[in-house]
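The analysis underlying the following values was restricted to heavy atoms, covering all of them including side chains, and did not include hydrogens, waters or symmetry mates. Note on naming: letters A, B, ... go to the chains in the order of the sequence lines (proteins, then strands), and numbering restarts at 1 for each one. These numbers come from a predicted model, not from an experiment.
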Amino acid sequence: MLTTAPRGTMDILPAQAAKFQHVENVFRTLCRQANFQEIRTPMFEHSELFNRAVGEQTDIVQKEMYTFLDRSERSLTLRAEGTAPVARAFIEHGIYAQAQPTKYYYIAQIFRYEKPQQGRLRQHQQCGVEFFGTRHPYADVEVISLAYRFYRQLGLRQFDLLLNTIGCPECRPAYRQALTEFLGSRLQHLCPDCQSRFERNPMRVLDCKQEACQAFLQDAPTPVDYVCPSCAEHYQQVKEGLTALGIEFKENPRLVRGLDYYTNTAFEFYSYHIGAQGAIGGGGRYDGLVESCGGPATPGVGFGIGTERLIMALEAEGVTFPAPPAVDVFIAALGSQAEARALTLLGELRKADLIAEFDLMGRGLKAQMKQASRLGAKRVVVLGDNELERGVAIVRNMSSGEQTEVSLGELANYLR
RNA sequence: GUGGGUGUAGCUCAGUUGGCUAGAGCACCAGAUUGUGGCUCUGGGGGUCGUGGGUUCGAGUCCCAUCAUCCACCCCA
């Protein structure tokens, strides 16, 4: 217990951390190009924020949040989701009063009390964006195309973009009515899960994975059939915008998102190579969110992309990550005098922007060479009493085996 | 929350119908000419066999419980 990470969490060791860094670097670069600014919100929020924003009846709020009381009996919740905290900050800092739109990106840890399995953790990371202040369908296109470019830029090829519209508060009641009537009449034929979904959130019945249910749902009404003219127009323009950018998508009228705040556009990116949890990113429009959190009515659209799942998908497709830089110079010092000189030498080399390392394990020369080799050192500086007396050092090229003598004063220059 | 699989060295695993001081490969340390890595050879260190009970003359092997982990359902990234 003491020596294992908590369930559903994992240590990201250097080899893996390098992959995260690469993914994050690409993400930051693309965000910068598209003029999204970084925002960092707290790792925990008042529980009420998630309850309200995500929806009391959602699975996240019902059973997946890390909620606790602090020492002042305030109910706090570890960030269960990326959008709500950004919306909260948007309101708290009066950003709605500035010129719109505002575009944010974040790289943040998300916490959910789930039962772990492949691609599903209790702490995971998301790269996400939130785009506030405009209902323009091209904002949706900007957001979706950013995610799309992110995947492509990293080298991901085999993934689908699923697209749907789920209407707005104007047109949803009519749809809800039709769906409820449809489902109500054949409730006894649906699986127990669907029966409970019917009570809590009828739209979620649509994407039940049970074949028997899907058979009964063949003729079920879908949101697209009921959207109002303006929602239909919005959806149409999103599709045209994506097409204009050469982004392929698959319309899926059954795609429904599990968070209450979504309106209109809903999308999901899916990889089929990483097990059952194939959703590598998802998002949509949330025009009612800011208002429901206590701010002025403000439209928004965004996505969240799971970094761990993304890396899994990349690896499944055999995408290689850039190798982390190897050690440039290893100083092999012999004896305490040389060791002392090596210490100051290291500083000089590092100042010259070289990755420099030496031995602190009291190894002999042979073992130091081995260590240097293990670290992938390109060159080794051998420094013993002989060299020290003459103010020089031997520089060995580890790939060719060639050795030359260089004066200590020239060393940094020579190695650079 | 439900179901199934798996827990032996740092890692990947072997361990015969229960039977000697629990093994291999990799990794680590040392040596093979005095101050030179990779390859090879030799030697060495390292294991509460997940944990706790039980059965037995005897348990890594069988039984129970528990914990952890993996996979799937639910749901999501």
Separation between the [atom1] atoms of [N] and [M], rounded to whole Å:
N: B:rG37; M: B:rG10; atom1: C1'; result: 23 Å
N: B:rU69; M: B:rA27; atom1: C1'; result: 23 Å
N: B:rG60; M: B:rU51; atom1: C1'; result: 14 Å
N: B:rU55; M: B:rG18; atom1: C1'; result: 11 Å
N: B:rG50; M: B:rU12; atom1: P; result: 14 Å
N: B:rA14; M: B:rG4; atom1: C1'; result: 25 Å
N: B:rG58; M: B:rG45; atom1: C1'; result: 30 Å
N: B:rG46; M: B:rC28; atom1: C1'; result: 9 Å

- Message: Need to verify one output field. Residue with the more 5' nearest nucleotide on RNA chain B, A:Gly362 or A:Glu308?
- Response: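 Between the two, 5'-proximity favours A:Gly362.
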
- Closest nucleotide of RNA chain B for A:Gly283 versus for A:Gln117: which of these residues is on the 5' side?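 Residue closer to the 5' terminus by nearest nucleotide: A:Gln117.
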
Under a 3.5 Å limit for both distances, which nucleotide forms a Watson-Crick or G-U wobble pair with [N], could you say?
N: B:rG1; result: B:rC73
N: B:rA59; result: none
N: B:rA30; result: B:rU42
N: B:rA68; result: B:rU6
N: B:rG47; result: none
N: B:rU17; result: none

Per [X] side chain, nearest of listed nucleotides [options]:
X: A:Arg396; options: B:rA72, B:rC70, B:rU36; value: B:rU36
X: A:Lys115; options: B:rC71, B:rC76, B:rG37; value: B:rC71
X: A:Gln118; options: B:rU69, B:rA72, B:rA77; value: B:rA72
X: A:Pro116; options: B:rA72, B:rC29, B:rC70; value: B:rC70

Return yes if the base of [N] and the side-chain atoms of [X] contain a donor-acceptor N/O pair under 3.5 Å, otherwise no.
X: A:Gln277; N: B:rC75; result: yes
X: A:Lys370; N: B:rU36; result: no
X: A:Arg309; N: B:rC76; result: yes
X: A:Gln368; N: B:rG35; result: no

- Message: Suppose we call two aromatic rings close when their centres sit under 6.0 Å apart. Are A:Tyr226 and A:Tyr175 close by that rule?
- Response: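 Yes, close enough.
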
- Message: So that I know where these two stand, are A:Phe159 and A:Tyr148 an aromatic pair - ring centroids less than 6.0 Å apart?
- Response: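 Yes: the rings meet the under 6.0 Å criterion.
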
- Backbone of A:Gln158 reached by a side-chain donor or acceptor of A:Glu317 within 3.5 Å: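 Confirmed, A:Glu317 side chain pairs with A:Gln158 backbone.
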
- Aromatic plane relationship, A:Tyr272 with A:Tyr270 - under 30° parallel, 30 to 60° tilted, over 60° perpendicular: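 Ring orientation, 0 to 90° scale: tilted.
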
- Task: Report the relative orientation of the aromatic rings in A:Phe267 and A:Phe303; use parallel for angles under 30°, tilted for 30 to 60°, perpendicular for over 60°.
- Result: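 Correct class here is perpendicular.
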
- Message: Can you confirm whether the side chains of A:Thr67 and A:Thr77 place a donor and an acceptor under 3.5 Å from each other?
- Response: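 The criterion, which ignores hydrogens and geometry beyond distance, is satisfied for A:Thr77 and A:Thr67.
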
- Between B:rC76 (C1') and A:Arg112 (CZ): distance, integer Å: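 Value for this atom pair: 6 Å.
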
